[in-house]
K.L.:
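My questions will all concern the structure given below.
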Amino acid sequence: QQQVKQSPQSLIVQKGGISIINCAYENTAFDYFPWYQQFPGKGPALLIAIRPDVSEKKEGRFTISFNKSAKQFSLHIMDSQPGDSATYFCAALGENTGTASKLTFGTGTRLQVTL
Amino acid sequence: AAGVIQSPRHLIKEKRETATLKCYPIPRHDTVYWYQQGPGQDPQFLISFYEKMQSDKGSIPDRFSAQQFSDYHSELNMSSLELGDSALYFCASSYQRLGQGDTQYFGPGTRLTVL
């Protein structure tokens, strides 16, 4: 059972457009929500992250919108560029009380930015 | 800035052989996580260590074991390898003592191929 649901599975956006990826979760114990960018054969790279006490966080062209009541969050990539073409994973953390909590990932979105 | 180092980057083994993957966390990071990523899938958590003690355990087969050493590097030992173990194995690290334990930085991964 996928604890973090991500959509769409793939996305094609024109250069300069806005890319939007959505995620939803059920477990209210989650309290940290990062987004990772992954290029083929490479490790996931942290893009931006948010906590539930904030509704929006912006870093450069990347913005996270967070809706705590709906248990949903989304990544917006403004002015999308061909170099943004990669797989994006949302994730959630905080499910257990262990010191080193695991990240639970969404299924990923393959973004392609066309010229 | 220094990143997580993983070795080897590629590994080819035969069925029933043993493999050892190594991870060197970012300097001063005290926590290490291991994830497995199959083709076209999201990373799945295996195990984590904080201050050389096992902290959390995910879907790690009994054939696998891991430990964190006094210099904080970690090794993932995999025995009786099966074809289904072929995957990318990522190590991530974080700095719990500084209160930044939620932020996990991933290494470039080890691609394991079992023939």
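Below, read A as the first sequence line, B as the second, and so on, with proteins coming before strands; counting in each chain starts at 1. Everything numeric in this text was worked out from a predicted model, so none of it was measured.
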K.L.:
Where does Leu46(A) contact chain B at under 4.5 Å (heavy atoms): side chain, backbone, both or neither?
P.N.:
side chain
K.L.:
Under 4.5 Å from any heavy atom of chain A, what part of Glu51(B) do you find: side chain, backbone, both or neither?
P.N.:
neither
K.L.:
Quick check: closest heavy atoms across Phe89(A) and Gln37(B), and the distance to 0.1 Å?
P.N.:
CZ-NE2, 3.5 Å
K.L.:
Sort Gln38(A) into side chain, backbone, both or neither according to what part of it lies under 4.5 angstrom from a heavy atom of chain B.
P.N.:
side chain
K.L.:
Might you point out which heavy atoms bring Phe105(A) and Pro43(B) nearest each other, and give the distance in Å?
P.N.:
CD1-O, 3.4 Å
K.L.:
Near Lys58(A) NZ, under 6.0 Å, is it more than 12 heavy atoms from other residues, nucleotides or ligands?
P.N.:
no
K.L.:
Which residue pairs pass the disulfide (SG to SG under 2.5 Å) test with at least one member in residues 32-70 of chain B, sequence neighbours excluded?
P.N.:
none
K.L.:
Could you go through the side-chain contact (heavy atoms from CB on, under 4.5 Å) check for Leu103(A) and Tyr33(B) one step at a time?
P.N.:
CA-CA 9 Å; Leu103(A) 282 169; Tyr33(B) 313 77; over 6 Å; no
K.L.:
Take atom CG of Asp53(A) as the centre, draw a 6.0 Å sphere, and report whether it contains more than 12 heavy atoms from other residues, nucleotides or ligands.
P.N.:
yes
K.L.:
Measure the spacing between NZ of Lys102(A) and CG of Leu46(B) and express it to the nearest 0.5 Å.
P.N.:
10.5 Å
K.L.:
Asp42(B) versus Gln6(A): any side-chain heavy-atom pair under 4.5 Å?
P.N.:
no
K.L.:
Tell me whether Gln14(A) at atom CD has more than 12 heavy atoms from other residues, nucleotides or ligands lying less than 6.0 Å away.
P.N.:
no
K.L.:
If you count every heavy atom of other residues, nucleotides or ligands that lies below 6.0 Å from Arg28(B) atom CZ, does the total exceed 12?
P.N.:
no
K.L.:
State the OG1-CD distance between Thr104(A) and Gln44(B), to the nearest 0.5 angstrom.
P.N.:
8.5 Å
K.L.:
Got more than 12 heavy atoms from elsewhere within 6.0 Å of CD, Glu26(A)?
P.N.:
no
K.L.:
May I ask whether Leu47(A) and Ile20(A) are part of the same hydrophobic cluster, defined by side-chain heavy atoms of I, L, V, M, F, W, Y residues being less than 4.5 angstrom apart, directly or through others?
P.N.:
no
K.L.:
If hydrophobic clusters are built from ILVMFWY residues whose side chains come within less than 4.5 Å, do Ile5(B) and Leu88(B) share one?
P.N.:
no
K.L.:
Side chain from CB out, backbone as N, CA, C, O: work out which of these in Pro108(B) comes under 4.5 Å of a heavy atom of chain A, or both, or neither.
P.N.:
backbone
K.L.:
I'd like to verify something: which residue of Ala91(A), Ala45(A), Gly108(A), Gly106(A) has the highest number of heavy-atom pairs under 4.5 Å with chain B?
P.N.:
Gly106(A)
K.L.:
Distance-only, no hydrogens or angles: does the Gln104(B) side chain make a donor-acceptor pair with backbone N or O of Ser101(A) under 3.5 Å?
P.N.:
yes
K.L.:
Say whether, by atom type as modelled, one donor and one acceptor occur between the side chain of Tyr36(A) and the main chain of Phe106(B) under 3.5 angstrom.
P.N.:
no
K.L.:
Give, as side chain, backbone, both or neither, the part of Pro34(A) having an atom under 4.5 angstrom from any heavy atom of chain B.
P.N.:
neither
K.L.:
Can you confirm whether more than 12 heavy atoms, excluding those of Lys13(B), are under 6.0 Å from its NZ atom?
P.N.:
yes
